[in-house]
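To start, the structure itself, in structure tokens.
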There are 2 protein chains.
Amino acid sequence: MTDERTARSDARRNRARVLEVAAEVFAAEGFSVPVHEIARRAGVGTGTVSRHFPTKEDLLTAIVGARLADLTAEADELARREDPGTAFFALFTAFVRAGAADCGLAELAGADRRLDELGERAGADLCGRLQELLAAAQESGAVRPDVGYSDVRALISACMARKDPLEPILAVVADGLSARSSTR
Amino acid sequence: MTDERTARSDARRNRARVLEVAAEVFAAEGFSVPVHEIARRAGVGTGTVSRHFPTKEDLLTAIVGARLADLTAEADELARREDPGTAFFALFTAFVRAGAADCGLAELAGADRRLDELGERAGADLCGRLQELLAAAQESGAVRPDVGYSDVRALISACMARKDPLEPILAVVADGLSARSSTR
DNA sequence: CTAGAATCGGGACGGGCATCCCGCTTTGCC
DNA sequence: GGCAAAGCGGGATGCCCGTCCCGATTCTAG
């Protein structure tokens, strides 16, 4: 439809502008901002938004998908270069920081199901990597064995939702998750 | 208006029934359930609901206020009978368990501001008690000094949102919060 | 420059929901 | 038993929002 090559130049411009504005607005105020408002700030009509992105969900997918892909790539990088424990905690922190900087991403991460379903696979990929790293970290003894993936997800979500400095809560959670805590 | 003594008997009955049903429904499905649905399940008209509780918020206040009052009383009890560290962790756990059993309460606890306001309206300053217990527990050296009240709130909220067993995540968070973690 | 097609703007539409209203029913006192 | 008055039911109203549509506008190939 809006092919990057064949589309009219004004259409390409508008599409990019909508994406840019929507990314800012979702990051600042979350996904509940009306489409109408995004159109207004982008200086286009609502019709223009919904032609490029037939559904609000499509818009979200286009924006958040890119962020998730970045994080997934980082996860792979970490898995390759670091030991399991280090890699797991690094991904945990990166995920949290990404969410803290992007209100929309944080909302999404809070709704377990939606993150998995988002887009084709962007969300599922990241979730899969996180699960693998958790398992590996537990295997290697860096993370206590009694926590589940869903516990980790909940903790990530709690950390991202913070407005205040992240360091204290990250320290608390990292200490709690590490194996030395469970053994006193 | 709907005075417990002077009201007509059918009015009292209906009011009680609405409260009962709403408490169940909010606990099971959260605050987003339409008022219409509550009326239907209670076997009354929507008008009856909104006469007794002019606003959906009023209904929520009536229900959650009672829970908050219970927890506040428990907090006072704990503060009187236990040492600060024990009392703090006990309240933490009680709060989490209450939220895990009540979807509506969990939603509310996630929205920092609203819980404060609702507690105030219901005359149950649970948040204040939690803050006091945290401060006392930190003073006594039971809780690491670098965590803030808002960190605690976030962790509580994350724990309550769980559907799976609470024990693992409670153990993780308790270990992370305790002072021995911060000192290695 | 021009024509025709792609794109635009923003109003129309529909669905969901909280709240209000009013004709009818039930209650409780005499 | 009868009659105000209180209470009831649920349809009407208003608001918010996402999506669709179409006459007006802008682009670009020739």
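Computed from heavy atoms alone, side chains included, the values below leave out hydrogens, waters and symmetry copies. Labels below follow one simple rule: chain letters A, B, ... track the order of the sequence lines, proteins then strands, and each chain is numbered from 1.
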Please tell me which of the listed nucleotides, [options], lies nearest to the side chain of [X]?
{"X": "Pro34(A)", "options": "dG18(D), dG9(D), dT19(C)", "result": "dG18(D)"}
{"X": "Arg8(A)", "options": "dC8(D), dT28(D), dT19(D)", "result": "dT28(D)"}
{"X": "Val35(B)", "options": "dC8(C), dA18(C), dT27(C)", "result": "dA18(C)"}
{"X": "Ser9(B)", "options": "dT27(C), dG18(D), dC8(D)", "result": "dT27(C)"}
{"X": "Ala11(A)", "options": "dC8(D), dC8(C), dC27(D)", "result": "dC8(C)"}
{"X": "Thr46(B)", "options": "dT27(C), dT7(C), dC20(C)", "result": "dC20(C)"}

Just the rounded figure in Å: distance from [atom2] of [N] to [atom1] of [X].
{"X": "Arg12(A)", "N": "dC8(C)", "atom1": "CZ", "atom2": "C1'", "value": "16 Å"}
{"X": "Leu59(A)", "N": "dC17(D)", "atom1": "CG", "atom2": "P", "value": "16 Å"}
{"X": "Arg40(A)", "N": "dG11(C)", "atom1": "CZ", "atom2": "C1'", "value": "17 Å"}
{"X": "Lys56(A)", "N": "dC17(D)", "atom1": "NZ", "atom2": "P", "value": "8 Å"}
{"X": "Arg51(A)", "N": "dT19(D)", "atom1": "CZ", "atom2": "P", "value": "14 Å"}
{"X": "Asp58(A)", "N": "dG18(D)", "atom1": "CG", "atom2": "C1'", "value": "12 Å"}
{"X": "Leu60(B)", "N": "dT19(C)", "atom1": "CG", "atom2": "P", "value": "12 Å"}
{"X": "Glu37(B)", "N": "dG16(C)", "atom1": "CD", "atom2": "C1'", "value": "13 Å"}

Taking atom types as modelled and ignoring hydrogens, do the side chains of Asp164(A) and Ser150(B) form a donor-acceptor contact shorter than 3.5 angstrom?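 Indeed, the side chains of Asp164(A) and Ser150(B) share at least one donor-acceptor pair under 3.5 Å.
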For residues Thr61(A) and Asp58(A), is any side-chain donor paired with an opposing acceptor at under 3.5 Å? no
Are His52(B) and dC8(D) close enough that a side-chain N or O sits under 4.0 Å from OP1 or OP2?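 Result: yes.
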So, OP1 or OP2 of dT7(C): does either fall under 4.0 Å of a side-chain N or O from Asn14(A)?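 No.
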Here's a test of your reading of the structure: between Glu57(A) and Thr48(B), which maps to the more 5' nucleotide of DNA chain D?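 First, find each residue's nearest nucleotide; the 5'-ward one identifies Thr48(B).
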What pair of heavy atoms forms the shortest contact from Phe89(A) to Ala142(A), and how long is it?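 The answer is CE1-O, 4.2 Å.
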Upstream residue (5' side of DNA chain C) when Asp10(A) and His36(B) are each assigned their closest nucleotide: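 Result of the comparison: Asp10(A).
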Nearest-nucleotide check on DNA chain C, Ser32(B) vs Gly47(B); residue mapping nearer the 5' end is Ser32(B)
Kindly write out the residues that satisfy ring-ring contact (aromatic ring centres under 6.0 Å, His included) with Phe53(B), not counting sequence neighbours, or none if the list is empty.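 Phe53(B) satisfies ring-ring contact (aromatic ring centres under 6.0 Å, His included) with no other residue.
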I need the full list of side-chain hydrogen bond (donor to acceptor under 3.5 Å, both in side chains) pairs touching residues 19-32 of chain A, with sequence neighbours left out, sorted by first then second residue. Glu29(A)-Arg41(A)
